[in-house]
Amino acid sequence: MAFGREALRGMGITIRRFYSTYRHGLNLQPSAAGDLPAPAEARNTKVPAGMPTRVGGLATVQYPEQKLPVPERFRYIPFLVYDEEPDHERADFDGVRCTACGICAKVCPPQCIWIVQGKGEDGKARPVSSEFYIDASICMSCGFCAEYCPFDAIKMDHDYEFSSYERHESWVFDLQELLHPVAYHAALHPSDYAREAAEERAKAEARAAKEAAKAAKAAAAAGGEAG
Ligand code: SF4
Ligand code: SF4
């Protein structure tokens, strides 16, 4: 008899918890998936950029018609970045940032990156890849490649809809499939992109200042010789 009473009490606690969780979730839920992504004013400004702002609540999303937004730091299979209008040394390589340095392939834990360095007509190696493959069936989306790339040439994608009926060829992405314009990267990773742009500007300013100092020194030397 005592056992039955305790069992009923336990079930009562479970039911109470279930309903309180449900009510709590309803309060947190941003009305319906139609409101997604959460409007900027509803976002918690104390949350660091790139972090999810709405992590609680009951969410019934009519996938695939509706999709929950992913945070900036979401990672799913890398892609390669190219600049559409390169005004720097990468212009010779159609703006493709990857220099085929091979660092990403070295740090990749499951070794799913394969790169072939490009060569010029003279047979000499060029700082660009002629082939670049990622086996997405092996990639564990750890993001190491993007972390270690010294040229901001490889970034993690947000596109997680890769399912297919085939488990081999369609999961090996080649250079053409991996390449995306820098605008795509900027849209997915606005804070990362802003940081890169600021670094690039600082470098350009430092270069310009160095060149100006060099020119001033040469002019001074020329003036001294003339005197
Ligand atoms: S680390 Fe960056 S630049 Fe080097 S091969 Fe990988 S993607 Fe290319
Ligand atoms: S995300 Fe990780 S596993 Fe995938 S290619 Fe990059 S380093 Fe390799």
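When a ligand or atom number is given, it counts from 1 through the structure's own listing order. Quick caveat: nothing in here was measured; it's all calculated off a predicted structure.
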Query raised in the report: Hey, are the side chains of F151 and V96 touching, using non-hydrogen atoms and a 4.5 Å cut-off?
Result: no

**Report entry** Intermediate values then yes/no, side chain to side chain donor-acceptor pair (under 3.5 Å), E131 and Y133
**Finding:** CA-CA 7 Å; E131 294 175 60; Y133 299 97; 3.0 Å; yes

Query raised in the report: Would you call Q111 a ligand 2 contact, heavy-atom distance under 4.0 Å?
Result: no

Going by the atom numbers of ligand 2, which of them fall below 4.0 Å from some non-hydrogen atom of [X]?
| X | value |
| --- | --- |
| I113 | 5 (S) |
| C108 | 3 (S), 5 (S), 7 (S), 8 (Fe) |
| M140 | 3 (S), 4 (Fe) |
| G143 | 1 (S), 2 (Fe) |

Query raised in the report: To the nearest 0.5 Å, how far apart are CD in E6 and CZ in R9?
Result: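 Those atoms lie 5.0 Å apart.
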
With backbone taken as N, CA, C and O and side chain as the heavy atoms from C-beta onward, which portion of [X] lies under 4.0 Å from ligand 2: side chain, backbone, both, or neither?
| X | value |
| --- | --- |
| R75 | neither |
| I154 | neither |
| P78 | side chain |

Report task. Could you tell me whether F162 and Y76 have their ring centroids closer than 6.0 angstrom? Result -> yes

Query - Ring centers of Y193, Y184 separated by less than 6.0 Å - result: no

Have a look at [options] and point out the one with the heavy atom closest to [atom].
| atom | options | result |
| --- | --- | --- |
| atom 5 (S) of ligand 2 | C112, C104, P109, P110 | C112 |
| atom 3 (S) of ligand 1 | I115, D152, T99 | T99 |
| atom 4 (Fe) of ligand 2 | C139, C142, S141 | C139 |

With a 4.0 Å cut-off, would you call [X] and [Y] a salt bridge?
| X | Y | result |
| --- | --- | --- |
| E199 | R195 | yes |
| K155 | E196 | yes |
| D83 | R97 | yes |

Query raised in the report: Taking both backbone and side chain into account, is any N, O or S atom of C98 nearer than 2.8 Å to atom 4 (Fe) of ligand 1?
Result: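 No, since none of the N, O or S atoms of C98 sits under 2.8 Å from atom 4 (Fe) of ligand 1.
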
Requested in this report: Under 4.0 Å, heavy atoms only, figure out whether ligand 1 is touched by the backbone of A105, its side chain, both or neither.
Outcome: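 No part of A105 is near ligand 1 at this cut-off.
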
Query raised in the report: Among protein heavy atoms, which sits nearest to atom 6 (Fe) of ligand 2, and what does the distance come to when rounded to 0.1 Å?
Result: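 Looking only at protein heavy atoms, the one closest to atom 6 (Fe) of ligand 2 is C145 SG, 2.4 Å.
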
Report summary line: The closest protein heavy-atom partner of atom 2 (Fe) of ligand 1 is C149 SG, 2.4 Å

Sub-4.0 Å atoms of ligand 1 with respect to non-hydrogen atoms of [X]:
| X | result |
| --- | --- |
| G102 | 4 (Fe), 5 (S) |
| C101 | 1 (S), 3 (S), 4 (Fe), 5 (S) |
| F151 | 3 (S) |

Query - Residues E161, K67; criterion salt bridge (charged side-chain N to carboxylate O under 4.0 Å, His left out); working and verdict - result: CA-CA 11 Å; E161 296 179 312; K67 292 168 196 166; 3.2 Å; yes

Report summary line: Between V107 and F144, the two heavy atoms sitting closest are O-CD2, 3.8 Å

Requested in this report: Test side chain to side chain donor-acceptor pair (under 3.5 Å) on Q117 and S130 and set out the steps.
Outcome: CA-CA 6 Å; Q117 180 137 35; S130 58; over 6 Å; no

